[in-house]
Peer 1: 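What follows is a structure written as structure tokens; I'll ask about it next.
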Amino acid sequence: MTNKGGLEGVIVADINTSYIDGSKGKLVYSGYAIEDLAETTSFEEILFLLFNTRLPKRKEYEDLRRTIAANAAIPKAVIDMMKSLPPDTSAMAVLRTAVSMLSAFDADAENLTDKEAAKAKALRLTGQITTICAAWIRIAKGQEPIPPRKDLSVAENFVYMMSGDEPDATACAALNVYLVLLAEHGMNASTFATRVVTATGSDLHSAIVAGISALKGPSHGGANAEAMKMFIEIGDVDNVLPWFEKNIKSGKRRIMGIGHRVYKSNDPRAAILRRHAEALAESSGERKWLDIAVKLAETARADDYFVQRNLYPNVDYYSAIVLYMLGLDIDMFTPLFAMSRISGWSAHVIAQMGGRLIRPKANYVGPHDLEFVVIDQR
Ligand code: ACO
């Protein structure tokens, strides 16, 4: 028996966090259409929804927001470790290492069975990942990190910790939409990785490290950074067509941020992020990157190759423009994805706890019945 690889179409769990209809371009979080949630909810509400399968009441939301902010500080030893790294270390490698290290400072890290303890750990990690991301932006530039504030939301704290200034409302709103849109997405590669680790009985930090590791790849979360590098390489809207001919029509490369294992029509998150990229381009007067992205997407969608294979811009395509226009270094794009997806990962980890070991089978295609010869006679 041979197979196409990639476990395509294989169902590995029943979930209640998100539903995707890839042919209709539909994404739903626990019953709510993403279009209804994106502009009107905060990331913390989504976290509550994913953990409880219902939206929070005002007090529940405030409590959750306060809990995350109150636990967002990271130990000095983790800051010192980050300062000891070469400044050009991949930000995803920094995040992966810092999250792994944090487990040593979490008194409940080795509590492997209590789901309430896992929820509390996940909330701590949500705030701490935000702090790690903002701290690395400063440490990599030789600046001192700024500790989190207890009165701010995840989006606000991140914006505040980047500069130390009072967080700008427009930037926080755009970042909040991004965090809401990226929070959860079914059995994607990084989520599956967290589930595989959890199903062995391992701990939440280990599972999240696995998620971060899987997200880092350019076929998954790393695509937002690769998409922006590609827009910069193109450099000007007039270069789109020759660049497309040379790199894509020749079959040499893929367009990063286009195509998806599940969406065979528009990714609804891409449409929302495109609107935000438009708004940011409008308010800043800098349209160049968005114009390149739009022209490249239109060029691809007018090409038979992309039409026949149902390849559309995915979430990483326009989010690259949004994050760039928010002033983030490209290297920080994928950590920002992790800052959001910690919510979905954690919900999956908690659901998977106590579940059966995930252990698929491989199809052996090697030789049989070979005669064994000892090493010196081969
Ligand atoms: N540009 C050009 N061709 C593409 C692209 C692309 N971006 N994506 C897929 N294709 C082509 C493939 O070459 C293949 O063609 P073939 O049938 O002639 O061999 C066909 O479309 C199917 O591609 P697969 O790689 O088999 O599809 P798969 O479901 O495994 O891949 C993936 C999905 C990895 C996302 C792919 O579309 C891709 O590499 N996209 C670019 C990277 C990217 O944007 N990743 C982020 C995904 S979203 C996320 O993870 C958050």
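Each ligand, and each atom within it, is numbered from 1 in the order the structure gives.
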Peer 1: Flag yes if more than 12 heavy atoms outside K264 fall under 6.0 Å of its NZ atom; otherwise flag no.
Peer 2: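 Correct, the count exceeds 12.
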Peer 1: Which of the atoms in ligand 1, numbered in the order shown and given with their element, are less than 4.0 Å from a heavy-atom of G257?
Peer 2: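 Numbered from 1, ligand 1 contributes 43 (C), 44 (O).
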Peer 1: Please identify which atoms of ligand 1 are closer than 4.0 Å to at least one heavy atom of D316.
Peer 2: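 Heavy-atom distances to D316 below 4.0 Å select 46 (C), 48 (S), 49 (C), 51 (C).
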Peer 1: Give a yes/no verdict on whether any heavy atom in G6 is under 4.0 Å from an atom of ligand 1.
Peer 2: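 No heavy atom of G6 comes that close to ligand 1.
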Peer 1: Counting only heavy atoms on the protein side, is anything nearer than 4.0 Å to atom 4 (C) of ligand 1?
Peer 2: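 Given the 4.0 Å cut-off, atom 4 (C) of ligand 1 counts as touching protein heavy atoms.
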Peer 1: Check ligand 1 against F337 and write out every atom of the ligand that is under 4.0 Å from a heavy-atom position of the residue.
Peer 2: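 Counting atoms of ligand 1 from 1, those under 4.0 Å from F337 are 51 (C).
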Peer 1: Could you find the nearest protein heavy atom to atom 35 (C) of ligand 1 and give me its residue, atom name and distance?
Peer 2: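 For this ligand atom, the closest protein heavy atom is G259 O, 3.7 Å.
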Peer 1: Looking at K115, I'd like to know if its NZ atom is crowded, meaning that more than 12 non-hydrogen atoms belonging to other residues, nucleotides or ligands lie closer than 6.0 Å.
Peer 2: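 Yes, the 6.0 Å shell around NZ holds more than 12 heavy atoms from other groups.
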Peer 1: Give me the nearest non-hydrogen protein atom to atom 50 (O) of ligand 1 as residue plus atom name, then the distance to 0.1 Å.
Peer 2: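 Ranking protein heavy atoms by distance from atom 50 (O) of ligand 1, first comes H220 ND1, 2.8 Å.
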Peer 1: Report the relative orientation of the aromatic rings in H368 and Y364; use parallel for angles under 30°, tilted for 30 to 60°, perpendicular for over 60°.
Peer 2: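 Perpendicular.
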Peer 1: Applying the 4.5 Å side-chain criterion to the ILVMFWY set and letting contacts propagate, would V154 and L152 be lumped into a single cluster?
Peer 2: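 Different clusters: V154 never reaches L152 through Ile, Leu, Val, Met, Phe, Trp or Tyr contacts under 4.5 Å.
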Peer 1: Tell me, please: is P218 in heavy-atom contact with ligand 1, that is, under 4.0 Å?
Peer 2: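 The answer is yes, since P218 has a heavy atom less than 4.0 Å from ligand 1.
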Peer 1: Can you find a non-hydrogen atom of Y317 under 4.0 Å from ligand 1?
Peer 2: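 Y317 does not count as a contact of ligand 1 under the 4.0 Å cut-off.
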Peer 1: Hey, is atom 15 (O) of ligand 1 touched by any protein heavy atom at less than 4.0 Å?
Peer 2: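 Flag for atom 15 (O) of ligand 1 set to true, protein heavy atom closer than 4.0 Å.
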Peer 1: For atom 33 (C) of ligand 1, find the nearest protein heavy atom and state the residue, atom name and distance (0.1 Å precision).
Peer 2: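 Residue, atom and distance for the closest contact: R261 N, 3.8 Å.
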Peer 1: In the complex you have, is atom 19 (O) of ligand 1 within reach of the protein, judged by whether a heavy-atom distance drops under 4.0 Å?
Peer 2: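 Protein heavy atoms within 4.0 Å of atom 19 (O) of ligand 1 - there are none.
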Peer 1: Mark up the atoms of ligand 1 that fall under 4.0 Å of a heavy atom belonging to I255, in ascending order.
Peer 2: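 That gives atoms 1 (N), 6 (C), 7 (N), 41 (C) of ligand 1.
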Peer 1: As a test of the contact definition, would atom 1 (N) of ligand 1 count as having a protein heavy-atom neighbour under 4.0 Å?
Peer 2: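 Protein heavy atoms within 4.0 Å of atom 1 (N) of ligand 1 - there is at least one.
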Peer 1: Would you say the rings of H205 and F105 are close, in the sense that their centroids are separated by under 6.0 Å?
Peer 2: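 No, the ring of F105 stays outside the 6.0 Å limit from the ring of H205, centre to centre.
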Peer 1: Of the protein's non-hydrogen atoms, which lies at the shortest distance from atom 45 (N) of ligand 1, and what is that distance?
Peer 2: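 Result for atom 45 (N) of ligand 1: S219 O, 3.1 Å.
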Peer 1: Under 4.5 Å between side-chain heavy atoms, hopping through other hydrophobics if needed: is there a path connecting M187 to I342?
Peer 2: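 Looking at the clustering, I342 is in a separate group from M187.
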Peer 1: Check the surroundings of atom NZ in K83: do more than 12 heavy atoms from other residues, nucleotides or ligands lie under 6.0 Å from it?
Peer 2: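 Yes - once you tally the heavy atoms of other residues, nucleotides and ligands closer than 6.0 Å, there are more than 12.
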Peer 1: For ligand 1, which atoms sit closer than 4.0 Å to a heavy atom of A223?
Peer 2: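 Counting from 1, the qualifying ligand atoms are 43 (C), 44 (O), 45 (N), 46 (C).
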Peer 1: Using heavy atoms and a threshold below 4.0 Å, how should the contact between I248 and ligand 1 be classified: side chain, backbone, both, or neither?
Peer 2: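 It is neither part, as no heavy atom is under 4.0 Å.
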Peer 1: Would you say the rings of F231 and Y317 are close, in the sense that their centroids are separated by under 6.0 Å?
Peer 2: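 Here the rings of F231 and Y317 have centres that are less than 6.0 Å from each other.
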Peer 1: Among I258, D267, V315, D303, which residue places a heavy atom closest to atom 41 (C) of ligand 1?
Peer 2: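 Of the listed residues, I258 has the closest heavy atom.
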Peer 1: Report the nearest protein non-hydrogen atom to atom 10 (N) of ligand 1: residue, atom name, distance rounded to 0.1 Å.
Peer 2: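 Answer for atom 10 (N) of ligand 1: L311 CD1, 3.6 Å.
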Peer 1: Going by the atom numbers of ligand 1, which of them fall below 4.0 Å from some non-hydrogen atom of Y305?
Peer 2: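 Those of ligand 1 that fall under 4.0 Å from Y305 are 2 (C), 3 (N), 11 (C), 12 (C), 13 (O), 15 (O).
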Peer 1: Return the closest protein heavy atom for atom 48 (S) of ligand 1 as residue, atom name and distance.
Peer 2: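 Residue, atom and distance for the closest contact: H260 CD2, 3.5 Å.
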Peer 1: Taking CD in E282 as the centre, count heavy atoms belonging to other residues, nucleotides or ligands within less than 6.0 Å. Is the count above 12?
Peer 2: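 Atom CD in E282 is not packed in, count stays at 12 or less.
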Peer 1: So Q352 and T194, side chain to side chain contact (heavy atoms under 4.5 Å, CB included) or not? Walk me through it.
Peer 2: CA-CA 9 Å; Q352 183 67 48; T194 67; over 6 Å; no
Peer 1: Regarding ligand 1, does N314 bring an N or O atom to under 3.5 Å of one of the ligand's N or O atoms?
Peer 2: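 Among all N and O atoms of N314, at least one is under 3.5 Å from an N or O of ligand 1.
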Peer 1: Show your reasoning for whether side-chain hydrogen bond (donor to acceptor under 3.5 Å, both in side chains) applies to N310 and S265.
Peer 2: CA-CA 6 Å; N310 296 313; S265 69; over 6 Å; no
Peer 1: Run down the list R309, R254, E8 and name the one with the heavy atom closest to atom 36 (C) of ligand 1.
Peer 2: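 Among R309, R254, E8, the closest heavy atom to atom 36 (C) of ligand 1 belongs to R254.
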Peer 1: Considering heavy atoms of the protein only, find what lies nearest to atom 42 (C) of ligand 1 and give residue, atom and distance to 0.1 Å.
Peer 2: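 Of every protein heavy atom, M256 CE, 3.5 Å lies nearest to atom 42 (C) of ligand 1.
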Peer 1: Does a side-chain N-to-carboxylate-O contact under 4.0 Å join K121 and D106?
Peer 2: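 Salt bridge between K121 and D106, a charged N being under 4.0 Å from a carboxylate O: no.
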Peer 1: Any donor-acceptor pair under 3.5 Å linking the side chain of E371 with the backbone of V373?
Peer 2: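 The answer is no, because no donor-acceptor pair under 3.5 Å joins these two groups.
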Peer 1: A quick test of your reading: do over 12 heavy atoms of other residues, nucleotides or ligands sit less than 6.0 Å from CD1 of I11?
Peer 2: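 At most 12 heavy atoms, drawn from other residues, nucleotides or ligands, come within 6.0 Å of this atom.
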